[in-house]
Amino acid sequence: IAVTAVAVRGRRLLDDLTEDEACLLRYIVEIFVRGAVPTEALFATVDSSAFKSDLDDYVTEPILVENVRVVSGLVPFPFAPPSAPPPLEELVTLDVVCSGFEELANRRRLVGRVPLSVSSVRAFVASALPSGVSRRDIAVTAVAVRGRRLQDGNSEFTDNEACLLRYVVEIFVRGTVPTEDILAVVNSTEFEEGLDDYITEPLQVENVASDRRIIPSPFQPPSPPNPLLRDRPYCGENLIVLDFVAASTPLNNLGGLGPAPNASFLASTSFFGSSGVAATGIYYSGIGKDIVAGSESGAA
């Protein structure tokens with residue numbers, strides 16, 4: 001059921017009108033026959049005296065029903081259904097930060113520890129997690145105080161710079177190890193102590209949590225090459241195109257089988273006229289307009 005208020009000049013108005021304006025409008029009622037009730041039954045109801053009397057009693061203003069009729073029309077194209085929610089994947093996140101600079105000088109004298117960097121944090125996290133977590137599902141990003149993200153290629157800093165960064169670790173749950181097991185590992189005392197023993201700088205783990213992220217759409221694969229270009233071989237030092245697709249075959253008489261030789265082509269071709277070679281074979285004409293020259297062709 002659709003009801004539209006139409007002003008005298010055709011302007012369509014919404015519900016919020018003053019009392020005077022409401023009575024100056026014509027209200028067009030459209031009842032679409034889409035259920036089990038047939039058109040005849042609906043028409044009989046709205047055209048009855050009881051319907052008109054009840055409507056007049058229901059609404060404050062005096063109401064008159066006019067132009068009851070049955071019409072047919074095109075079914076409007078339905079609105080597109082709401083888009084499906086984007087696919088989500090689970091991940092475990094944690095932050096690795098330096099716990100203080102007091103011990104820094106003494107710890108750097110220790111042998112066998114690895115300097116703090118994006119690569120070293122990622123290496124330890126990968127070694128500490130169960131084997132069902134792939135190394136490629138672990139991302140580590142160094143975030144400066146001002147929010148600048150530094151990639152792996154620039155992850156080695158001076159001693160002071162490395163410890164001034166926050167290392168955001170993201171572990172995507174894509175293998176056989178569930179989120180709960182990963183959380184249990186990275187949230188344990190053994191994990192934090194192992195990380196602190198592995199890396200030279202004093203470290204602590206913060207903000208261990210699980211999250212869900214939208215899976216990014218994959219890049220579209222490259223379009224296949226044009227089939228015409230794929231069928232065109234190249235030769236010559238300057239990549240001369242031999243276009244067999246656009247060429248013609250003035251002589252198509254392979255092994256004496258096929259159409260009769262083109263007499264005009266034979267007469268105009270010095271190869272056949274001077275050598276006396278039998279007019280058999282397949283010869284292409286118009287395969288290219290460039291002259292192949294140089295060491296690859298042996299002649300101009």
Side-chain angles (χ1 to χ4, degrees), residues 83-222:
S83 302
L88 302 175
E89 65 178 341
E90 293 187 1
L91 71 158
V92 173
T93 61
L94 58 107
D95 294 346
V96 175
V97 295
C98 284
S99 58
F101 294 94
E102 296 81 5
E103 308 175 47
L104 203 52
N106 293 331
R107 288 177 63 107
R108 284 177 181 150
R109 298 189 183 97
L110 299 176
V111 179
R113 299 199 180 191
V114 179
L116 175 60
S117 68
V118 166
S119 301
S120 61
V121 171
R122 185 166 181 255
F124 174 80
V125 173
S127 66
L129 291 174
S131 59
V133 180
S134 173
R135 185 184 179 93
R136 66 174 179 268
D137 295 333
I138 303 171
V140 180
T141 307
V143 183
V145 175
R146 59 181 178 276
R148 178 170 56 93
R149 292 180 175 265
L150 305 171
Q151 303 302 324
D152 289 354
N154 299 320
S155 59
E156 306 297 338
F157 307 100
T158 64
D159 293 342
N160 291 333
E161 287 176 330
C163 216
L164 290 173
L165 300 173
R166 177 178 294 271
Y167 297 83
V168 179
V169 181
E170 297 173 318
I171 307 165
F172 294 88
V173 184
R174 296 170 178 168
T176 58
V177 182
T179 304
E180 295 75 15
D181 291 357
I182 298 176
L183 277 171
V185 171
V186 300
N187 208 23
S188 66
T189 303
E190 292 79 5
F191 178 85
E192 186 174 43
E193 290 177 350
L195 178 65
D196 187 56
D197 290 340
Y198 178 75
I199 292 179
T200 303
E201 289 77 4
L203 299 177
Q204 66 184 30
V205 176
E206 298 179 346
N207 304 326
V208 177
S210 61
D211 196 3
R212 302 188 77 186
R213 300 271 180 87
I214 296 176
I215 300 175
S217 299
F219 292 104
Q220 292 294 326

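Being a predicted model, the structure only gives us computed values, none of them experimental.
We find the OG-CG distance between Ser188 and Leu183 to be 11.0 Å, quoted to the nearest 0.5 Å. Going from atom SG of Cys163 over to atom CG of Leu116 covers 6.0 Å, rounded to the nearest 0.5 Å. Taking CG from Asp197 and CD from Glu192, the interatomic distance works out to 11.0 Å, rounded to the nearest 0.5 Å. Atom-to-atom distance recorded for Phe172:CZ and Ile138:CD1 is 11.0 Å, nearest 0.5 angstrom.
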| Residue pair Val186, Val92: steps toward the side-chain contact (heavy atoms from CB on, under 4.5 Å) verdict | CA-CA 9 Å; Val186 300; Val92 173; 3.9 Å; yes
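Under a 3.5 Å cut-off, the side chain of Arg122 and the backbone N or O of Ala139 do not form any donor-acceptor pair. Using a distance-only test at 3.5 Å, with no hydrogens or angles considered, no donor-acceptor pair links the side chain of Glu201 to the main chain of Cys98. Judged by distance alone, the side chain of Ser120 and the main-chain N or O of Pro115 form a donor-acceptor pair under 3.5 Å. Distance alone, capped at 3.5 Å, places no donor-acceptor pair between the Asp137 side chain and the Ile171 backbone.
Residues forming a salt bridge (charged side-chain N to carboxylate O under 4.0 Å, His left out) with Asp181 (at least two apart in sequence, or on another chain): none. Under the side chain to side chain donor-acceptor pair (under 3.5 Å) criterion, Arg212 pairs with no residue at all, not counting sequence neighbours. Looking at residues two or more places apart in sequence or on another chain, you find a side-chain contact (heavy atoms from CB on, under 4.5 Å) between Ala209 and Thr93. For Thr179, the side chain to side chain donor-acceptor pair (under 3.5 Å) partners are Glu90, not counting sequence neighbours. In terms of the ring-ring contact (aromatic ring centres under 6.0 Å, His included) criterion, residue partners of Phe124 (sequence neighbours excluded) are, by chain and number, Phe191, Tyr198. Qualifying salt bridge (charged side-chain N to carboxylate O under 4.0 Å, His left out) partners for Arg135, counting only residues two or more places apart in sequence or in other chains: none. With sequence neighbours left out, the salt bridge (charged side-chain N to carboxylate O under 4.0 Å, His left out) criterion links Glu206 to Arg166.
Side-chain atoms of Val140 and Val168, non-hydrogen and from C-beta on, never get closer than 4.5 Å to each other. Side-chain contact between Leu165 and Val143 is absent, with no heavy-atom pair separated by less than 4.5 Å. For the pair Val169 and Asp95, the minimum side-chain heavy-atom distance is 4.5 Å or more. Residues Leu203 and Val97 have side chains not in contact (no heavy-atom distance under 4.5 Å, counting atoms from C-beta outward). Side-chain atoms of Leu94 and Asn207, non-hydrogen and from C-beta on, never get closer than 4.5 Å to each other. When side chains are defined from C-beta on, Thr141 does not count as touching Tyr167, because their heavy atoms never get closer than 4.5 Å. When side chains are defined from C-beta on, Pro202 counts as touching Asp196, because their heavy atoms get closer than 4.5 Å. Considering only heavy atoms from C-beta on, Thr200 stays 4.5 Å or farther from Val114 through its side chain.
The pair Glu89-Arg174 counts as a salt bridge, with a side-chain nitrogen and a carboxylate oxygen less than 4.0 angstrom apart.
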